Amino acid sequence: MEVQKTLTELFDTLLRRETIFRNKEALRHTYTPEHLPHREREISRLARILVSPLRGETPSNVFIYGKTGTGKTAVAKFVGRELKQVGEKKQIPIEVVYINCVEVDTRYRVLANLAYTFGEEVPLTGWPTDQVYKSFFNSVDSEERFVVIILDEIDKLVKKSGDDVLYNLTRMNSELRNSKVSVVGITNDLKLVDYLDPRVKSSLSQEEIVFEPYNALQLRDILGERAKIAFKDGVVTKEAINLCAALAAQEHGDARRALDLLRISGEIAEEEGSQRVEESHVRKAKEKLEQDRIIEVIRTLPKQSKLVLYSVLLLGRPSSTGEVYDLYRDLCHRTGVEVLTQRRVSDLISELDMLGIINAKVVSKGRYGRTKEISLGVPPEKVSKALEELI
DNA sequence: ATTCCACAGGAAGCGACGGCCC
DNA sequence: GGGCCGTCGCTTCCTGTGGAAT
């Protein structure tokens with residue numbers, strides 16, 4: 001009874017407590033704002049390129065470069081949305097398809113996804129890929145229209161499955177009778193072009209737009225605008241916004257990170273019952289963000305990767321692939337886990353490196369061979385804390 | 001200049017799995 | 001149910017290589 005009563009009281013106070021947020025959604029990166037500060041040039045470039053088919057010209061394909069959180073996706077989605085509205089007004093059918101290649105990372109899946117948005121029923125797997133392509137092709141060409149295909153994080157797709165799909169998509173126009181297709185490729189890998197087939201390269205980079213990172217001042221403007229939507233008036237202090245901007249600017253001007261910081265800061269402030277978001281909340285938010293990321297990443301790691309990571313942790317000093325592998329094999333025997341080959345473990349090490357949990361640098365020790373120098377990339381306490389519950 | 005270590009990392013391919021088709 | 005197909009995690013086999021030691 002006692003517990004129930006206090007719990008009810010807790011809910012009551014929580015519900016009664018006034019939230020400092022007006023619309024928290026505005027701080028999520030899925031949100032596409034009405035106005036994108038400091039990206040006017042990029043927006044008009046992209047719009048000008050994509051609008052040309054409406055004037056009867058052949059559509060161009062576009063390549064967009066820029067680091068994470070520089071607004072590439074936001075600009076592409078924004079222009080796509082506007083374009084669609086223009087089309088509706090002028091009675092020209094325009095379809096904008098957005099695909100994120102992180103999950104959709106094979107030829108089959110891209111085509112299946114496209115076919116699906118044009119109303120085709122394609123199974124997740126099973127069909128020959130050419131059949132999926134035909135199905136997509138026919139349904140696109142079934143009526144006169146203009147299609148913009150936005151392929152976000154296209155580097156993931158190319159590195160995993162090659163550029164065959166891009167070859168298909170960029171060549172489509174010569175075979176389509178009724179419709180026209182533009183491909184917008186977005187990537188944060190500036191070297192991606194080197195992986196591409198020359199034919200794909202030339203047709204995809206007919207137009208190129210480069211997004212420079214935001215500086216602290218620009219981030220401040222962006223945060224300011226979003227804060228106006230997300231929070232109630234006068235809640236966020238200028239200092240808090242400046243700090244968020246400064247911290248994110250240090251990390252190559254990542255606006256996404258700046259927004260995350262501000263959102264978490266707000267949540268922390270609210271939890272503490274504060275009516276204002278201040279610098280101290282931002283500092284705590286920074287700490288929490290890092291902590292959460294590490295723990296979440298480690299927790300969702302497959303068993304084998306955890307053992308590899310545990311080996312690196314136990315060694316406690318920069319070690320070679322061989323050393324890590326020996327200890328890993330030991331741990332496997334002791335825990336009754338099947339042992340993978342060194343080749344595979346080498347790949348697992350590279351994956352952990354990419355996740356930022358460990359640092360793996362290829363070094364040559366001359367006569368004593370070439371190996372990776374492997375060390376933890378995050379504080380060991382956090383790793384052992386995240387690992388201990390699951391080993 | 002040559003040798004040679006301890007791997008890196010590419011290529012091919014295998015088997016299991018989930019899912020299509022007829 | 002049998003014949004395909006694509007994907008995933010993995011093994012096997014392989015060639016390549018930076019630089020200390022000779």
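All chains are named by letter (A, B, ...) in the order of the sequence lines, taking the proteins before the strands, and each is independently numbered beginning at 1. If you're wondering where the values come from, they're calculated on a predicted model, not measured in any experiment. No hydrogens, no waters, no symmetry mates; every other heavy atom, side chains included, goes into these values.
- Contact check, A:S346 against B:dA8: a side-chain N or O comes under 4.0 Å of OP1 or OP2.
- As judged by a 4.0 angstrom heavy-atom cut-off over every strand, A:V339 is placed among residues touching the sugar-phosphate backbone only.
- One finds a salt bridge joining A:D105 and A:K160 here, because a Lys/Arg side-chain nitrogen approaches an Asp/Glu carboxylate oxygen to under 4.0 Å.
- A salt bridge links A:E251 to A:R257: at least one charged side-chain nitrogen sits closer than 4.0 Å to a carboxylate oxygen.
- Nucleotide C:dA21 holds its P atom 13 Å from the NZ atom of A:K365, rounded to whole Å.
- Donor-acceptor pairing under 3.5 Å, judged by distance alone, is absent between the side chain of A:R367 and the base of C:dG18.
- Taking a cutoff of 4.0 Å between a charged side-chain nitrogen and a carboxylate oxygen, A:D233 and A:R22 qualify as a salt bridge.
- Taking only side-chain nitrogens and oxygens, A:R370 never comes nearer than 4.0 Å to OP1 or OP2 of B:dA6.
- The separation between A:E351 atom CD and C:dC10 atom C1' is 12 Å, rounded to whole Å.
- By the 4.0 Å N-to-carboxylate-O rule, A:R334 lies close enough to A:D330 to be salt-bridged with it.
- The phosphate of C:dT12 (OP1 or OP2) has no side-chain N or O of A:T341 nearer than 4.0 angstrom.
- A:K361 comes within 4.0 angstrom of no nucleic acid atom, judged by non-hydrogen atoms across all strands.
- Rounded to whole angstrom, the span from the CD atom of A:E103 across to the P atom of C:dT7 amounts to 15 Å.
- For A:R109, taking side-chain heavy atoms from C-beta onward, the closest of the listed nucleotides C:dG6, C:dC8, C:dC10 is C:dC8.
- In this structure, CD of A:E323 is placed 12 Å from P of B:dA6, rounded to the nearest angstrom.
- A:K72 and A:T187 share no side-chain donor-acceptor pair at under 3.5 Å.
- Each of A:G369 and A:K372 was matched to the nucleotide of DNA chain B holding its nearest heavy atom; the match closer to the 5' end belongs to A:G369.
- Following rounding to the nearest Å, A:K303 (NZ) and C:dC8 (P) show an atom-to-atom distance of 20 Å.
- Residues A:R329 and A:Y325 have side chains that never bring a donor and an acceptor to within less than 3.5 angstrom of each other.
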Enumerate the protein-to-nucleotides 20-22 of chain B contacts in which both atoms are nitrogen or oxygen and the separation is below 3.5 Å.
unit_1	atom_1	unit_2	atom_2	d
B:dC20	O3'	A:W127	NE1	3.1

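- Put simply, CZ on A:R344 is 19 Å from P on B:dC7, counting in whole angstrom units.
- Contact annotation: A:T129 does not reach the phosphate of C:dC5 (side-chain N/O to OP1 or OP2, under 4.0 Å).
- No side-chain N or O of A:E143 forms a donor-acceptor pair with one of A:S179 less than 3.5 Å apart.
- Every ring-ring contact (aromatic ring centres under 6.0 Å, His included) that A:F63 has, sequence neighbours left out, goes to A:Y65.
- Considering only side-chain N and O atoms, A:T321 lies under 4.0 angstrom from the phosphate OP1 or OP2 of B:dA8.
- A donor N or O paired with an acceptor N or O is found under 3.5 Å between the base of B:dG9 and the side-chain atoms of A:R343.
- For the pair A:Q342 CD and C:dC14 P, the interatomic distance rounds to 17 Å; values are reported in whole Å.
- Distance, A:L111 CG to C:dC5 P: 16 Å, rounded to whole Å.
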